[in-house]
Amino acid sequence: MDTLALILSIIGSVNWGLVGLFQFDLVAWLFGGQDALIARIIYTVIGLAGLWCITTLFRRDSLLRSE
């Protein structure tokens, strides 16, 4: 789950980088615009993956302390 969340977070980061640098939303372009249902689902899944990655910060610290 951690690896999948990290991959999705990287995809989201690349997309935001493209938006910031070139005003180009890759997800919207690939899936029919920002209002398309599939694009909104992808945005939601990537957002949830980012939230999941936050938990790895706390779990990593606890794993390091137990070793």
Using 0.5 Å steps for rounding, measure from the CD1 atom of I46 to the CD1 atom of I7. 12.0 Å

Please check if I11 and I54 belong to a single hydrophobic cluster, counting links between Ile, Leu, Val, Met, Phe, Trp and Tyr side chain heavy atoms closer than 4.5 Å. no

Mind listing the closest non-hydrogen atom pair of A39 and G33 along with its distance? CB-O, 3.3 Å

Among all residues two or more places apart in sequence or in another chain, which pass the ring-ring contact (aromatic ring centres under 6.0 Å, His included) test with W52? none

Approximate separation, where rounding is to 0.5 Å, of I42 CD1 and L30 CG: 8.0 Å

Of all residues at least two apart in sequence or in a different chain, which pass the side chain to side chain contact (heavy atoms under 4.5 Å, CB included) check with L6? I10

Kindly compute the distance separating CG (D2) from OG1 (T55), expressed to the nearest 0.5 Å. 6.5 Å

Rounded to the nearest 0.5 Å, what separation is found between the SG atom of C53 and the CG atom of L4? 9.0 Å

Would you kindly confirm whether F31 and V19 end up in one hydrophobic cluster when ILVMFWY residues are joined by side chain heavy atoms under 4.5 Å apart? no

Quick one: side-chain hydrogen bond (donor to acceptor under 3.5 Å, both in side chains) pairs with a partner in residues 6-20, sequence neighbours left out? N15-D25

Linking I/L/V/M/F/W/Y whenever any side-chain heavy atoms sit under 4.5 Å apart, do V14 and L21 land together? yes

Taking every heavy atom of Q34 against every heavy atom of R40, the minimum-distance pair comes out as O-CG, 3.3 Å

Is I41 reachable from L48 through a run of hydrophobic residues whose side-chain heavy atoms are each under 4.5 Å from the next? no

Cluster link I38 to Y43, ILVMFWY, side chain under 4.5 Å: yes

